[in-house]
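Structure, as structure tokens:
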Amino acid sequence: MGNELIEFINVTKRFDSRIILDHINLKIYEGQITTIIGKSGVGKSVLLKHIVGLLAPDEGKILFSGRPVNEMNKKEMDRYRSQFSYMFQNNALFDSMTVFDNIALPLRQTTKLSKKDVAKKVMNRIEQMELTDVVFKYPSELSGGMQKRVALARALVTDPEIVLFDEPTTGQDPIRKNAILSMISQYKKKLGFTAVIISHEIPDIFFISDRIILLWEAKVGFQGTYEEALKLDHPMIDEFLQSLEGFQDEWKQPSPQSFLALNLI
């Protein structure tokens, strides 16, 4: 297990009289894929906003590498947030921009790099994502899978320590889900970032996750590995596991072949 990167200690968040997070305790480890699961409306997005510092808890504290986030000054907070990147559920690519310009956008907006250095970093990511042939195309000219790769290249172009994925497979059929999850897993291994995935879709998400955090009735119902989840006596885990029957035998671990399926999406 890697080093503790983010820790929530008794974090509580309310909106008016409604408790969204109720004394949450959890840990996210460096270099792992952590997936936060739970039913719709359970507070997954609220939790994500706390991780990136867009929301502050009403009670409790959040630590980043052991440092309380609420004690950071503006400079420290800016540096903290700069270590995150975000891959949106719907990719959020700009139709009026080419692939190159979409990927370059974070560097142009958040750094003072020269035009030459921006181009060098962008082309490096484009080559890694095997997007060289579509550099000057527009999102509307690309398949859905290629758009996902462009969105991931943009998320990684700033060399973030942590990448947040918001429902990356929502609305996709099983083959496309497999390809997208393969992409996340392969590039995480290749580039070494820490991944936090928000999802309510199981069981496919389990098989690329190092750790699973289950939100249940405003609390953490479970956190641990998939293997540990199998042994847990919990209503939601039981519900999830019922859908696993016959699935694990069909699951194909991420491979170059499954990753290439992204070209067919």
Side-chain angles (χ1 to χ4, degrees), residues 5-6 28 30-34 45 48-55 64-65 67 69 72-168 180 182-198 259 262-263 265:
L5 193 60
I6 299 169
I28 294 171
E30 185 177 2
Q32 292 192 345
I33 296 178
T34 299
S45 294
L48 201 69
K49 289 177 181 178
H50 278 79
I51 290 175
V52 79
L54 295 177
L55 287 176
F64 180 75
S65 296
R67 173 95 162 103
V69 174
M72 294 180 179
N73 57 36
K74 185 180 183 303
K75 184 176 180 179
E76 290 174 320
M77 181 58 75
D78 288 344
R79 183 176 178 276
Y80 169 65
R81 288 177 176 164
S82 73
Q83 296 177 75
F84 289 87
S85 191
Y86 197 98
M87 184 170 166
F88 295 91
Q89 178 179 334
N90 63 354
N91 301 328
L93 300 175
F94 291 93
D95 291 335
S96 61
M97 294 183 178
T98 64
V99 166
F100 182 95
D101 289 330
N102 266 286
I103 297 172
L105 188 62
L107 294 174
R108 291 169 176 168
Q109 289 189 332
T110 65
T111 75
K112 296 181 180 179
L113 292 175
S114 67
K115 186 176 180 179
K116 181 179 179 181
D117 287 340
V118 167
K120 183 177 179 180
K121 288 181 71 70
V122 171
M123 289 307 300
N124 182 47
R125 285 289 179 251
I126 283 173
E127 290 170 4
Q128 288 175 334
M129 297 293 177
E130 299 177 10
L131 294 167
T132 308
D133 293 340
V134 299
V135 174
F136 300 112
K137 289 190 175 182
Y138 293 87
S140 61
E141 299 177 280
L142 306 179
S143 68
M146 293 287 276
Q147 289 179 19
K148 285 285 183 188
R149 285 158 63 181
V150 173
L152 182 57
R154 184 178 61 186
L156 296 177
V157 75
T158 58
D159 300 315
E161 185 170 349
I162 307 154
V163 183
L164 309 177
F165 297 87
D166 182 10
E167 304 282 8
I180 292 167
S182 295
M183 177 184 73
I184 293 172
S185 178
Q186 287 198 7
Y187 280 111
K188 178 264 175 186
K189 291 176 183 177
K190 185 175 182 179
L191 301 175
F193 57 83
T194 300
V196 180
I197 304 174
I198 298 294
F259 176 68
L262 278 170
N263 287 321
I265 297 176

Kindly give the heavy-atom pair with the smallest separation between Arg149 and Glu130, and that separation in Å. NH2-O, 3.0 Å
If you define the side chain from C-beta out and look only at heavy atoms, does anything of Met183 sit under 4.5 Å from Met129? no
Taking the inter-plane angle between the rings of Phe88 and Tyr86 on a 0 to 90° scale, is it parallel (under 30°), tilted (30 to 60°) or perpendicular (over 60°)? tilted
Between Gln147 (side chain) and Pro139 (backbone), is there a donor-acceptor pair under 3.5 Å? yes
Between Lys112 and Asp117, is there a salt bridge with N-O shorter than 4.0 Å? no
Could you give all pairs that pass the side-chain hydrogen bond (donor to acceptor under 3.5 Å, both in side chains) test and reach residues 131-142, with sequence neighbours left out? none
Salt-bridge contact Lys74-Asp78 (side-chain N to carboxylate O under 4.0 Å): yes
Heavy-atom side-chain contact between Tyr187 and Val163 under 4.5 Å: no
What are the two closest non-hydrogen atoms of Val135 and Met123, and how far apart are they? CG2-CE, 4.3 Å
Under 3.5 Å donor-acceptor, Lys148 side chain and Pro168 backbone: yes
Please answer whether the main-chain N or O of Asn73 pairs with a side-chain N or O of Glu76 as donor and acceptor at a distance below 3.5 Å. yes
I want to check something: taking the side chain as every heavy atom from C-beta on, are Val157 and Val122 in contact at a cut-off of under 4.5 Å? yes
Over all atoms of both residues, closest heavy-atom pair of Leu131 and Met146: CD2-CE, 4.0 Å
Go through the structure and list residues passing salt bridge (Lys or Arg N to Asp or Glu O under 4.0 Å) with Arg108, not counting sequence neighbours. Asp101
Counting N and O atoms only, with roles assigned by atom type, does the side chain of Thr98 sit under 3.5 Å from a partner on the main chain of Phe136, one being a donor and the other an acceptor? no
